[in-house]
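The structure under discussion appears below in the form of structure tokens.
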Amino acid sequence: MRRFHYSWIILFVVFFSIIVAGITRSSSGVFIIPFEQEFGWDRSLISLAIGISLFIYGLSGPFMGAIVQIIGIKRMMLISMGTLMAGLLLTFFMKETWHLILIWGLIIGLGSSLFLTVLSPIIANTWFKKRRGLAVGILTASSATGQLVLLPVLAYIIELYDWQFAVALILTLSAIMFVILIFLMKESPEAIGETAYGADENKSEDIRKNESKNPFLLAFIPLKEAIRIKEFWLLAGSFFICGLSTSGLIGTHFVSLCVGYGIAVVTAASLLSFMGIFDLVGTTLSGWLSDRIDNRWLLFWYYSLRGLSLLLLPFALSEGSYILLIIFSVFYGLDWIATVPPTVNISRNIFGLEKSVIVYGWIFAAHQAGAAVASFGGGVIFERFNSYAYAFLGAGALCFLASLFVIVIKKEKGITVV
């Protein structure tokens with residue numbers, strides 16, 4: 001009987017830690033209207049804080065990857081989860097606009113960065129030799145699934161009680177996850193006398209090298225090499241649009257968009273939750289496919305179909321059709337972050353195992369720059385036109401541009417089926 005490999009326990013622990021980090025960061029979407037009502041802040045200002053958070057956690061990604069090489073995965077995960085807990089605790093004392101920007105912009109952004117950027121490829125590279133694409137798919141799915149599935153619960157708590165109770169729930173989940181990380185998270189297979197899943201027992205790969213180097217050098221040296229390669233810019237450009245069209249626009253403004261059409265907050269959050277359920281299926285399947293199919297074509301179809309769905313969303317809302325909204329939620333959910341596994345695979349193929357985590361961190365920084373633009377820009381467009389229509393139509397058009405970016409990437413030398 002084959003012995004159960006500890007890599008799957010690590011996958012389980014990291015899966016739920018990413019869920020907690022994801023719901024912490026994305027919960028800002030259901031707090032927009034409560035913050036408007038309680039503090040009298042403009043939506044564009046709240047959107048600015050959310051945009052800063054999106055940008056900070058994306059920009060921090062490559063540095064998080066570098067610091068992990070120095071202090072280790074477990075310690076960095078504990079520090080990051082502790083930072084999220086501190087931000088949530090400080091939210092109870094928030095009074096001024098600069099408090100909002102500091103807490104929900106800087107602290108929450110930094111705390112969520114490791115979990116939502118480079119942790120998935122780090123875990124896949126460290127703990128898996130086989131099934132890396134599947135591992136990335138599962139972990140990536142958790143970053144959107146958790147944040148979306150719990151949103152209707154938070155919205156219901158806010159509606160029934162107050163936003164403070166919703167924050168208390170997230171803080172409790174973070175504290176539970178902190179304890180689980182202490183007892184179950186391990187540094188590497190070698191630390192417990194194992195090898196990575198599917199690896200030769202006589203040799204193992206290790207992405208942690210040059211541990212004595214400065215983290216800034218570790219982050220910038222791969223970037224210096226990557227910017228000379230066309231594929232880096234094509235991946236970064238497509239991921240900028242990916243972030244703009246997902247967490248920046250849908251993640252931040254979808255609930256408010258639906259409320260503007262007379263849909264209840266809990267119903268709107270439930271539609272996001274519905275997307276999260278199908279995201280788990282779509283992104284996990286994408287990870288499985290990325291081990292077997294030309295990753296460029298996967299990305300081409302993901303971006304094309306996402307663009308089409310965004311163009312149809314305003315029509316579905318104007319018609320007041322819940323059937324069309326449910327179809328959109330299923331369709332969009334399957335595609336929410338299915339782009340990540342093939343993007344990680346292409347990065348690994350081009351830049352190599354050791355450098356790919358840091359390079360992907362920079363590519364993801366572009367993703368979050370796009371998310372920040374959409375988060376803030378969506379709020380500005382709403383304030384200017386009292387409508388989100390132009391924001392969603394523009395995002396849909398840009399997705400078609402992203403599909404062209406990825407299809408001209410140089411064909412990979414080969415797909416290794418693992």
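These numbers come from the heavy atoms of this one structure, side chains and all, not from hydrogens, waters or symmetry mates. Every value quoted in this text rests on a predicted model; they were computed, and no experiment measured them.
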Take Phe351 and Phe232 through the test side-chain contact (heavy atoms from CB on, under 4.5 Å) and record every step on the way to the result.
-> CA-CA 9 Å; Phe351 302 103; Phe232 170 81; 3.9 Å; yes
For the pair Leu134 and Thr284, evaluate side-chain contact (heavy atoms from CB on, under 4.5 Å) and give the outcome as yes or no after the intermediate values.
-> CA-CA 6 Å; Leu134 179 61; Thr284 302; 3.9 Å; yes
Show your working on side-chain contact (heavy atoms from CB on, under 4.5 Å) between Ile158 and Ile33 and close with a plain yes or no.
-> CA-CA 10 Å; Ile158 292 170; Ile33 294 176; over 6 Å; no
Do His253 and Tyr388 pass the side chain to side chain donor-acceptor pair (under 3.5 Å) test, and can you show the C-alpha distance, the side-chain angles, and the key distance before you say yes or no?
-> CA-CA 8 Å; His253 295 290; Tyr388 284 112; 3.1 Å; yes
For Leu218 and Ile70, run side-chain contact (heavy atoms from CB on, under 4.5 Å): C-alpha distance rounded to whole Å, both residues' side-chain angles, the deciding distance at 0.1 Å, then the answer.
-> CA-CA 10 Å; Leu218 286 172; Ile70 297 172; 3.9 Å; yes
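Every ring pair (Phe, Tyr, Trp, His ring centres under 6.0 Å) that Phe328 has, sequence neighbours left out, goes to Tyr332. Looking at residues two or more places apart in sequence or on another chain, you find a ring pair (Phe, Tyr, Trp, His ring centres under 6.0 Å) between Trp297 and Phe300. Applying the side chain to side chain donor-acceptor pair (under 3.5 Å) criterion to Ser60, with sequence neighbours excluded, gives no partner residue. In terms of the salt bridge (charged side-chain N to carboxylate O under 4.0 Å, His left out) criterion, Lys186 has no residue partners (sequence neighbours excluded). With sequence neighbours excluded, no residue forms a salt bridge (charged side-chain N to carboxylate O under 4.0 Å, His left out) with Glu159. By the salt bridge (charged side-chain N to carboxylate O under 4.0 Å, His left out) test, Glu383 is found to be paired with no residue, residues two or more places apart in sequence or in another chain being considered. Every residue two or more places apart in sequence or in another chain was checked for a ring pair (Phe, Tyr, Trp, His ring centres under 6.0 Å) with Phe240, and none qualifies. With sequence neighbours excluded, the residues satisfying ring pair (Phe, Tyr, Trp, His ring centres under 6.0 Å) with Tyr161 are Phe165.
Within the structure, every pair that satisfies the ring pair (Phe, Tyr, Trp, His ring centres under 6.0 Å) test and touches residues 275-296, not counting sequence neighbours, is listed here: Phe274-Phe278. Residue pairs meeting the side-chain hydrogen bond (donor to acceptor under 3.5 Å, both in side chains) criterion with at least one partner in residues 226-238, sequence neighbours excluded, are absent.
Taking both residues in full, the closest heavy atoms of Leu317 and Cys258 are given as CD2-SG, 4.2 Å, listed atom of the first, atom of the second, then distance. Considering all non-hydrogen atoms of both residues, Ala21 and Leu116 come closest at O-CD1, 4.2 Å. Minimum interatomic distance between Ile122 and Gly65 (heavy atoms only, all atoms of both residues): CD1-CA, 4.2 Å. Cys399 and Leu310 get closest at one heavy-atom pair: SG-CD1, 4.1 Å. Nearest approach of Pro341 to Thr283, heavy atoms of both residues: CG-O, 4.0 Å. The two residues Leu308 and Phe400 make their nearest non-hydrogen contact at N-CZ, 3.6 Å.
Of the possible polar contacts, none joining the Thr140 side chain to the Gly137 backbone as a donor-acceptor pair under 3.5 Å is found. A donor-acceptor pair is defined here as one N or O able to donate and one able to accept, closer than 3.5 Å; such a pair exists between the side chain of Thr252 and the backbone of Ser247. Between the side chain of Asn345 and the backbone N or O of Ser290 there is at least one donor-acceptor pair closer than 3.5 Å. One N or O on the side chain of Asn295 and one on the backbone of Ile293 form a donor-acceptor pair closer than 3.5 Å. Side-chain atoms of Ser245 come within 3.5 Å of backbone N or O of Cys242 as a donor-acceptor pair. With Lys74 contributing its side chain and Ile182 its backbone, the two residues share a donor-acceptor pair below 3.5 Å. The backbone N or O of Arg296 lies less than 3.5 Å from a partner atom in the side chain of Asp294, making a donor-acceptor pair. Under the 3.5 Å distance criterion, the side-chain polar atoms of Ser304 are left unmatched by any main-chain donor or acceptor of Trp301. The backbone N or O of Ala338 sits less than 3.5 Å from a side-chain atom of Ser286, completing a donor-acceptor pair. Arg306 places a side-chain N or O within 3.5 Å of a backbone atom of Asp335 that can act as its donor or acceptor partner.
The local environment of CZ in Phe183 is sparse, with at most 12 non-hydrogen atoms from other residues, nucleotides or ligands closer than 6.0 Å. Within 6.0 Å of the CZ atom in Arg43, the count of heavy atoms belonging to other residues, nucleotides or ligands exceeds 12.
Ile358 has its side chain out of reach of Leu223: every pair of non-hydrogen atoms, C-beta onward, lies at least 4.5 Å apart. Looking only at side-chain heavy atoms (C-beta outward), Leu325 and Leu313 come within less than 4.5 Å of each other. Inter-residue side-chain proximity for Ile32 and Ile50 is flagged as met; some heavy-atom pair is nearer than 4.5 Å. Side-chain contact check for Phe12 versus Leu184: every heavy-atom pair is 4.5 Å or farther apart.
Summarising the geometry, atom CD1 belonging to Ile157 is positioned 8.5 Å from atom CG belonging to Leu160; distances are rounded to the nearest 0.5 Å. Atom CD1 of Ile46 and atom CG of Leu48 lie 10.5 Å apart (nearest 0.5 Å). To the nearest 0.5 Å, atom CG of residue Leu119 and atom CE of residue Met76 are 10.5 Å apart. One finds the CG atom of Leu298 at 10.0 Å from the OG1 atom of Thr343 (value rounded to the nearest 0.5 Å). In this structure, the separation between CG on Leu173 and CE on Met177 is 10.5 Å, given to the nearest 0.5 Å. Atom-to-atom distance recorded for His5:NE2 and Leu11:CG is 12.0 Å, nearest 0.5 angstrom.
Proximity of the aromatic rings of Phe115 and Phe16 is defined here by a centroid distance below 6.0 angstrom, and this criterion is not met.
Aromatic ring pairs are classed by plane angle as parallel below 30°, tilted from 30° to 60° and perpendicular above 60°; the pair Phe35 and Phe39 is perpendicular. Between Trp8 and Phe128, the two ring planes are perpendicular [angle over 60°; tilted spans 30° to 60°].
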Return a table of donor-acceptor pairs under 3.5 angstrom between the side chains of residues 96-111 and protein atoms on other chains or two or more places apart.
residue : atom : partner : partner atom : Å
His99   : ND1  : Lys95   : N            : 3.0
His99   : ND1  : Glu96   : N            : 3.1
Trp104  : NE1  : Thr91   : OG1          : 3.3

Can you give the donor-acceptor pairs under 3.5 Å from side chains of residues 361-378 to other protein atoms, not counting sequence neighbours?
residue : atom : partner : partner atom : Å
Trp362  : NE1  : Ala219  : O            : 2.8
His367  : NE2  : Gly243  : N            : 3.4
Gln368  : OE1  : Tyr57   : OH           : 3.4
Gln368  : NE2  : Leu54   : O            : 3.2
Gln368  : NE2  : Tyr57   : OH           : 3.2
Ser375  : OG   : Ser47   : O            : 3.2
Ser375  : OG   : Gly51   : N            : 3.4

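Here the options are Val14, Leu78, Ile180, the test is side chain to side chain contact (heavy atoms under 4.5 Å, CB included), and the partner is Met185; only Val14 passes.
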